Structure formats: C-alpha cells, structure tokens
Amino acid sequence: MGREKDVKEDRKTKHKVTKLNMRPNGNEVAEAGGDSAKSTKSTEKTPNGKIKKIKAPKTEKLESPSNFSEPDDGNFTTKKKGVKRRRTKDEPADVPTSEALKNSSSTKRNGGKHKKRHHSEEESDGEPLKKHAKKKPKTDVKIEEGEQPVSKKSKKTKEEIKEARELKIRQKEEEEQKRWRWWEEEKYEAGVKWRFLEHKGPYFPPDYQPLPDNVHFYYKGEPVKLSLAAEEVAVFFAQMLDHEYTTKKVFRENFFKSWRREMTHEEQLLIQDLDKCDFGEIHAMHKAKVEEKRNLSKEEKLVLKEANQKIVEEFGYCTLDHHRERIGNFKIEPPGLFRGRGEHPKQGKLKKRIQPEDVIINCSRESCIPVPPAGHHWKEVRHDNTVTWLASWTENIQGSIKYVMLNANSKLKGEKDWEKYEVARKLKQHVDGIREQYLIDMKSKEMRIRQRAVALYFIDKLALRAGNEKEEGETADTVGCCSLRVEHITLHKQLDGNECVVEFDFLGKDSIRYYNKVPVISKAFKNLKIFMENKDPGDELFDRLTTTMLNKHLSSLMPGLTAKVFRTYNASTTLQQQLKELTNDSMVNDAEKLLGYNRANRAVAILCNHQRAPPKTFEQSMANLQAKITSRKEQLALAKTELEQAKKDAKVKGSSDPKLQILVEKKKAAVKRCSESLLKLEVQATDREENKQIALGTSKLNYLDPRISVAWCKRMGVPIEKIYNKTQRDKFAWAIDMTETNFEF
DNA sequence: GGGGGAACTTAGCAGCAATTAT
DNA sequence: ATAATTGCTGCTAAGTTCCCCC
C-alpha cells in the first residue's frame, strides 16, 4: 500500500499565500565551475572545524564559519547481503521495520515467520538460546575489571579488596546471565509490541506540605495567609527566585495569571500586582531546607537512599513477556512552573498536579491491574498491545500526551533502535541514486520539485532536521529545514575565497543556534536566490514544501526512508570514516586511541550541531589541568637528569656495583612512568579544550550505530568500558553482543 | 492536503553521586 | 576527613513521523 501513496505524492502541492513567479529557467543555466554532482558525492571532507555555533541567547553572531563537513560516503560500496534475517551475530542485517512488514504483508520475509503467532516461549523465554547465553559473556567485557578501585581504601586488606573485586565480577556475570537476549529471538508480528504486560502504575509525587506558621507571604508589606492552592503555587515561584527567569516579563506574567487562577476570590481581589508580593520568607525557608538536606549525616542519607531504592523496586519495573524490564520514567511529573527553552511564550505557566483520575493505564487484561492511590481511580484502564506505553496523561501546558515507557535498555526500545540503524544502513545502498536524483530535480520546471530538491540537499549535506511547521505563539520560534525562513539565510556570491556560500543563522530544536557558512553547488545557490525573490524576511524559504511532502517523496525512493534517516546515516557514516582516518593499528597508547575516537565522535557532534553550554568551571579546570601538566613536565625533566646521573655513575663505578644498575633501571622506569602520565594529561587537555562547547552524548546515544564503536574497540583492543559507561553498555547490549570485528556500517 | 492527535525519538541541563585532590 | 571536580542519571521539553478525519 505504501506504493500507491507514493505515486500520488507528486500531485500534492502546498499553495501558500506567498506566490512567487516560477522561474523555470533560473537554474537551467549550466552548472558553473564549482561543484558538480560528483563532488557533492564524494569529496569534501570532514571538519577541521571549530564550531562557531553558539547558544541562542548570546547576542552577536559568531565570527567564523565552521567548515562544515560533508560526510563522505562514497566508499561504502561493499555489498552487505543484508537481507536475510539472521538473528545471531554479526550482520543481523535486517530487522524488518514495522513499515516494511506492513507494506509487504505478503512478502517472503513475512511469510516465513509471521505465522508464528505465539511466541511460544511464553513459558520458556530464551530457553532455546541458552547456549549463546553461555558463551558470550566471557568475552572482553570483564577483562577490564582491573581498573576498578584496586587501592585507595588503604584500610582494607588485600584479601578484602580481592574479595570485593571477585564479588563484583560475580555480580556482573550474574547480571549478564539474567539479561534478556531478545535480539536472538524471533520478532513479533507487525504492530504487536507485547503479549503480556504487568506493572504497578506510575508513582505519584508527594502531596503539598503547607507552610509552617512562622513562614509568611507578604502583600504590600502585610502578611497574608494564602489558601492551600494559592500557597502551593506561590511556593513554586519562591523556590525559583534565584533563577534569572523569574525576572523575565513573559515568565512573570504567565506565572501571575496562573497563580491568580488558583486563588480564592478574596485573594484575587487583594493580590493584583506581582511586584508587591514578597516571597522572601518562603524563599529563605526553601533554601534552608536544601541546606539542611545537604548537611544530613551519612546514615540519614543512606536511609533516604534506601527508601528511594524501595520505590524503584516497587514501581520502577514491569513484567513484559515474562521478563523484568526497567521502566524509564515511572514517576508522574510533579507540578511546578513551566520552563520552556528559549523564548517560550508559555514560560512561567503553572504545570498542574496530575491526579490518578487523569491517568490512563495500559497493561494486559489478565495481568494484576495496578491499584490507584487510596480514594482515587484511574481515568481508564486499557489493554492495547500495539503501543509501548504503560501509562499516559495529558499535560496542561501544550495539551500533549505524556507517557510512561520503558528504559532504553529494554527490548522494546532496543529493538526499535536496532531497526533504526538498519534502515540507515539500507540508505547506504540508495544514497547515490537519491543524490543524483535531487541534483536533477534542482533543474525541474516545477518550483515545488526544486524546493524539495534543495531542501533535501541541505538535509543530506548538513544533517538538518526536517523542520515541521509549528503553531505560532504556542512554542518558541525555532525552525528546521522545511520551515526555514528567508531571514535565516544569507547568500554570498563570494565569501572567504569560496563561491556560492550560504550563511545559515537560525534557532533550531531547543533554541540552539545553528550558524554555518557553507559553500554550495551553484544549482542550489541559484535556486535559493529564486526562492527568496519577492519575499519578506519572515516568509518561508520553501513555501511549497512541507515535511509531509518531503517524507512522502523519500518513502517512495526507499521504504522506511524519512528525513531523519539522513541524520542517522550521515552521522554513522561520518563516525566510521573518521575513525578510519584518525586512528590506526600503530597506536599503542589507549589515551591516544581514545582521543582519536573522541575526535571522530566530535566530528559527528559538530555535524549535527550538538552543543552545550561551556561548563561553568571550564576555565578554572582547564587552568588546573595546565598547571598539572607544567609540574609534570618539571618532574619529567628532573627524572631525566637523575637518570643520566645514574647512568654516568653506573658507568664510572663500573658494573661492579649491582646496586647502581638497579638504580639505573629504577630511574628509567620513573622516566617512562612520568612521560606516559604527561602524555595522558596532554591528551586530556586537548580533548577537553576541543570539547568545550560540544556535547558528545547526544550523538553517541542517538545517532551512532553502536556496532561501529564496538567493532572499533575490538580491532583496536580498547575495552568497551572506555567508550560506553554502564548505562550505555546496557542500552547497547545487543550491539556489544552481536558485533564482530569486521562490522561495516 | 490540511489539521490535529498519538506515539515515539531526540535534546540539553540540573543536581546528585562517585571520584580524586587536598 | 573534607573539599573540589567530574561523570551520570533523571527529568522533561521539543522534536519527527504516522495516521485519521474532514
């Protein structure tokens, strides 16, 4: 059925208000010198770039461009067989997308298994696969154990330390045994997410605790005892008083409106001006509480921790098809004042307390249905196994639905993630054709086709997001590719020695600024010029294009293909290619290898514009590190002279004295130790400096096929723990388990 | 073909926990 | 033992995509 839709796609056009003259010709002009189709495909290489993109609120544009990187993909021609679903190692190649399954309900792939109906294993999940389970866990995973504490606790005896270490290893093994190796099992039929689901329902935040009698709110200097509801909201505001945004106009106005809505009639009559409110005592009380909590004794903290642990034990897990799975967010979001990112028009509004009466529960009919808190009932209990959520409620700020779902290490999330990367890998086989096509489309007579082509070119080349339309006034003003406006780009016929440069400057997701100057092919450049003609800065650049149209087109080119697949594809491809470039077998030092890995990772983060605010203590900690390096250098110099001296002594006094020889050896070792440690520090400094404004986590977690990293680790002899922490290893357990050294994305 | 809802992924950051320095 | 620093986790906002309805 996907097919038919695709055919229609072409007819769809969006007629926006702004009408432009079509210039069927504008781009007919032959491609000027610069880039040609070819060059887009293969050459432009990666970033050397420093990023210059900066967080929105910052005022000025940043100077220089990042040299954006164009992922090179041309080389991955290797035919990956791919398509047979093998559920074991290496090349799991093909996780049928639910898409694909739907589309081809009758194709062989499905034919093979879809009848399997009942995941027989109900009683014996994983049984048939035991053998795998046995053999895997023995691999490198634990070799690294050694890097644990080892010393530090000088109190403990060696025995104890050893014991502790062994215990840890044992626990690890145990955990590994218990792990649900879902990736070795057959998939369910399309659309079915689970067969059995049982849980305890979400965990609700504690009720509001009224203020003690000695803490007052004042209006115009007079103490006012607020009603419970109004008081609670006042406290929300008071708690944030140190925060900058309680000074923002929009925030204050929204808050005040929300607050007044919670007041009694009398309170509304009395309290008319936020500026006349004094939350000082409440604020002070709050700070005191925080401080108090901070000063709790070890034991008290432990008690709290254990109490917390109990809650997690009870509410934090569910049973899904006979496996215990961790829930990602089992806690209902507590009420508070909404803080959107960027210039959010709704910042400061009251985010209401959620009651069980607002919550829909989803679980198996035959499961033990969660019991609502005493005196309450659920909004609804349903049994829908085509969705993955356990509970949901509607939030009052945007009116959107919030879900309780499983943790990233769960089968449900993991399988989807795997599938995502398989789709991206499939793009590899189509991408050349698609690129050729959009270059041709840039010459189309139809404006909408050319717009589509140029937009796709950006998405591919720059890894921009699709960019849906957003309702004005509901959210911060941010854009993505399809929603770019004329004001967001500037064309430069010539810039910094390059032809046809497009300067991007806009706020993207989370109001993160995207700033980039990019040389583009002249076909694209000429089209852009035309798209911008007779438009106001606030008009849409691609006024005949929507994400829906773009995605329809894409899915006609390859099943499962959407705009965001390009981001995944280009990110993963870049990582793989950068790893090849930046690391090699001759590297001996782990620190060195890791720097290479991080740099490859960084190239991706730059491509995807994953930024972070420079850590508050950045300068300081950088200086500290530098100081350490200096002192280590001195130490090294000293060690070297001592070594020379020792050598000399040894020579002069002859080899007669074995002590001198030993001394020489000792000094040698000291020099080595010292210089290694220096190298490590220097590498660390470089890494940190380069990472100042770049967040590696997002790409690592969401865009980089973990199998690339796992394979790299194996080839380079780097323990996986150096690259993935515990959480990440859990999330990527499937990849760690199945990936062979020779994996190619 | 557009609007809106539903479901799910992607995103940065605050605050706490673990680790290391003093 | 305490303070400073770093690393993670949890949180929840903000996207994308699909689908249904008109």
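Chain naming here is simple, since letters A, B, ... match the order of the sequence lines and numbering starts at 1 in each. Here the structure is a predicted model, which is why all the values come from computation and not from measurement.
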Specify the residue among A:Thr388 and A:Cys608 whose closest nucleotide of DNA chain B lies further upstream toward the 5′ end.
A:Thr388
Indicate whether OP1 or OP2 belonging to B:dT10 is found under 4.0 Å from a side-chain N or O atom of A:Lys420.
yes
Strictly below 4.0 Å: does A:His344 bring a side-chain N or O up to OP1 or OP2 of C:dA13?
no
Can you tell me if the side-chain N/O atoms of A:Lys470 get under 4.0 Å from OP1 or OP2 in C:dA14?
no
Using a cut-off of strictly less than 4.0 Å, decide whether A:Thr698 has a side-chain nitrogen or oxygen near OP1 or OP2 of B:dG12.
yes
A:Leu696 CG to B:dT10 C1': how many Å, rounded?
16 Å
Quick one: is C:dG15 close enough that its OP1 or OP2 comes under 4.0 Å of any side-chain N or O from A:Thr478?
yes
Under 4.0 Å between a side-chain N or O of A:Asn468 and OP1 or OP2 of C:dT16?
yes
Remember a base hit wins even if backbone is also touched, and classify A:Ala476 as base, sugar-phosphate or nothing at under 4.0 Å, heavy atoms.
nothing
Between A:Arg688 and C:dT6, is there a contact of a side-chain N or O with OP1 or OP2 at under 4.0 Å?
yes
Identify whether the distance between the nearest side-chain nitrogen and carboxylate oxygen of A:Glu419 and A:Lys416 falls below 4.0 Å.
no
Could you check whether A:Lys193 gets within reach of a base, just the sugar-phosphate, or nothing at all, counting any heavy atom under 4.0 Å?
sugar-phosphate
Is A:Gly467 touching bases, backbone alone, or none of the nucleic acid, heavy atoms closer than 4.0 Å?
sugar-phosphate
Taking the side chain as C-beta and beyond, is there a heavy-atom pair between A:Met405 and A:Ser410 under 4.5 Å?
no
Output yes when at least one side-chain N/O atom of A:Asn702 is less than 4.0 Å from OP1 or OP2 of B:dT9, else no.
no
Does A:Lys287 come within less than 4.0 Å of A:Asp242, counting only side-chain N to carboxylate O?
yes
Taking only the side-chain nitrogens and oxygens of A:Thr562, find out if one of them lies under 4.0 Å from OP1 or OP2 of C:dT17.
yes
Does this structure show an ion pair linking A:Lys402 with A:Glu395, if we count only N-O contacts that are shorter than 4.0 Å?
no
Donor-acceptor pair, distance only, cut-off 3.5 Å: does the side chain of A:Arg353 make one with the backbone of A:Pro335?
no
Describe the nucleic acid contact of A:Ser392 in one word from base, sugar-phosphate, nothing, applying a heavy-atom distance below 4.0 Å.
nothing
Tell me if the side-chain of A:Lys564 makes a donor-acceptor pair with the base of C:dT17, cut-off 3.5 Å, by modelled atom types.
no
Using OP1 and OP2 only, check whether a side-chain N or O of A:Arg465 sits under 4.0 Å from C:dT17.
no
Base contacts versus sugar-phosphate-only contacts with protein, heavy atoms under 4.0 Å: please encode nucleotides 7-12 of chain C as B, S and - from 5' to 3'.
-SSSSB
Which atom pair, heavy atoms only, marks the closest approach of A:Phe330 to A:Val404?
CA-CG1, 4.1 Å
Does a salt bridge link A:Glu343 with A:Lys248, judged by any charged N lying under 4.0 Å from a carboxylate O?
yes
